[in-house]
Amino acid sequence: MARITGISTPVGGASWEYTDDDSSSAIMYIAVLLESKRLLTMPWSRVNCSLPFELDVEYCTRSASELKAVIPFILSSHKVSPSVLLAIHEVIHALNDFLNDVAPVRDPPVMIDKSNQQQRFQSIVKQLKEKIAHTMEPLLKDVVPQESSFDIWRILNKSVKV
């Protein structure tokens with residue numbers, strides 16, 4: 001892989017250096033993976049959701065666990081820069097926080113009002129979306145051209161602002 005390091009004019013010319021960094025591919029794979037999960041792409045107004053709340057929590061918890069398992073595999077399959085590793089580490093921390101925070105909602109120690117559980121769950125998911133969007137947006141800006149942005153970031157930004 002080559003990276004352009006400079007362009008000169010008026011005669012014209014370009015200089016570049018070869019690099020083994022495969023960060024762009026890893027970022028794209030992770031972005032596609034994130035986009036495929038209901039946890040991050042499901043609209044959270046929940047007004048028209050026909051899925052029972054308990055199943056929704058279960059499926060989202062499963063999505064977070066799957067992401068935690070697959071992201072390190074993607075990273076180990078690519079040579080990525082330390083800055084990308086640190087950024088993706090933040091995504092994994094956000095998933096860990098989500099799983100910790102959702103445990104009392106999923107299996108409450110005492111019977112709690114279901115609407116309070118749902119509100120708490122929606123708040124936890126919103127917090128996760130904000131953390132992931134905050135981490136992934138700068139990475140994707142360096143990799144994906146503006147005109148071909150991923151749907152997940154449009155969805156995340158729309159659902160976070162609600």
Side-chain angles (χ1 to χ4, degrees), residues 1-45 49 51 55-103 105-106 121-162:
M1 183 181 284
R3 183 179 76 153
I4 294 177
T5 58
I7 298 175
S8 62
T9 56
V11 177
S15 58
W16 62 88
E17 66 181 25
Y18 289 99
T19 177
D20 289 337
D21 186 8
D22 196 18
S23 295
S24 297
S25 294
I27 291 167
M28 293 297 291
Y29 282 123
I30 291 169
V32 169
L33 178 66
L34 291 169
E35 189 174 40
S36 72
K37 296 299 177 185
R38 73 180 283 115
L39 172 61
L40 299 172
T41 57
M42 188 79 167
W44 292 101
S45 64
C49 183
L51 188 66
L55 279 178
D56 198 15
V57 173
E58 176 63 31
Y59 293 159
C60 289
T61 303
R62 195 175 306 158
S63 285
S65 296
E66 289 171 8
L67 287 168
K68 277 187 52 178
V70 176
I71 288 173
F73 176 75
I74 292 171
L75 291 175
S76 69
S77 305
H78 296 81
K79 289 185 177 184
V80 296
S81 69
S83 62
V84 170
L85 279 175
L86 286 173
I88 300 304
H89 189 252
E90 291 301 314
V91 170
I92 292 171
H93 274 295
L95 292 165
N96 284 334
D97 290 345
F98 169 81
L99 290 169
N100 288 338
D101 293 344
V102 83
V105 173
R106 187 175 173 197
F121 179 66
Q122 289 174 9
S123 171
I124 294 167
V125 170
K126 181 179 178 184
Q127 192 174 29
L128 174 66
K129 287 181 176 188
E130 288 171 344
K131 288 178 182 178
I132 290 179
H134 177 75
T135 302
M136 291 299 294
E137 280 179 359
L139 295 175
L140 282 172
K141 282 182 183 175
D142 294 338
V143 175
V144 180
Q146 288 292 93
E147 62 273 2
S148 64
S149 63
F150 277 75
D151 279 347
I152 187 171
W153 311 119
R154 179 182 48 77
I155 293 167
L156 278 174
N157 286 330
K158 184 191 256 185
S159 65
V160 165
K161 293 174 185 173
V162 172

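Values reported hereafter were calculated over all heavy atoms of this structure, with side chains retained and with hydrogens, waters and symmetry mates removed. Everything numeric here is computed off the predicted structure, so don't read it as measured data.
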- Task: Enter the distance from Leu34:CG to Ile71:CD1 here, rounded to the nearest 0.5 Å.
- Result: 5.0 Å
- Note on the structure: Rounded to the nearest 0.5 angstrom, the CD1-CD1 distance for Ile132 and Ile92 is 10.0 Å
Applying side chain to side chain donor-acceptor pair (under 3.5 Å), name anything that partners [X], two or more places apart in sequence or on another chain.
| X | answer |
| --- | --- |
| Ser123 | none |
| His89 | His93 |
| Asn96 | Lys68 |
| Ser77 | none |

What closest approach, in Å, do [X] and [Y] show between heavy atoms, and which atom pair accounts for it?
| X | Y | result |
| --- | --- | --- |
| Ile74 | Ala26 | CG2-O, 4.0 Å |
| Asp101 | Ile124 | O-CD1, 3.3 Å |
| Ala87 | Leu139 | CB-CD1, 3.7 Å |
| Leu39 | Lys129 | O-CE, 3.8 Å |
| Phe121 | Cys60 | CZ-CB, 3.9 Å |
| Ile27 | Met136 | O-CE, 4.1 Å |

- Query: Between Glu137 and Lys141, is there a salt bridge with N-O shorter than 4.0 Å?
  - Reply: no
- Message: I'd like to check the side-chain contact (heavy atoms from CB on, under 4.5 Å) partners of Thr61; sequence neighbours left out, ordered by chain and number.
- Response: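 Val57, Leu99, Val102, Arg106.
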- Item | For Leu85, all residues meeting side-chain contact (heavy atoms from CB on, under 4.5 Å), sequence neighbours excluded |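 Listed in chain order: Leu75, Val80.
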- Does a side-chain heavy-atom distance below 4.5 Å link Glu66 with Leu33? no
- Please tell me if the side chains of Glu130 and His134 come closer than 4.5 Å, counting only heavy atoms from C-beta onward.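 Sidechains of His134 and Glu130: no contact.
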- What residue pairs, at least two apart or across chains, pass salt bridge (Lys or Arg N to Asp or Glu O under 4.0 Å) with a residue in residues 24-33?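 For residues 24-33: none.
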- Task: Give every residue pair that meets the salt bridge (Lys or Arg N to Asp or Glu O under 4.0 Å) criterion with at least one member in residues 80-95, sequence neighbours excluded.
- Result: none
- Check whether any side-chain N or O of Ser23 sits under 3.5 Å from a backbone N or O of Ser81 as a donor-acceptor pair, and report yes or no.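 Checked: pair present.
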- Message: Suppose the criterion is ring-ring contact (aromatic ring centres under 6.0 Å, His included): which pairs have a residue in residues 58-78, not counting sequence neighbours?
- Response: Tyr29-His78
- Residues in salt bridge (Lys or Arg N to Asp or Glu O under 4.0 Å) contact with Asp97, at least two apart in sequence or another chain: Lys131
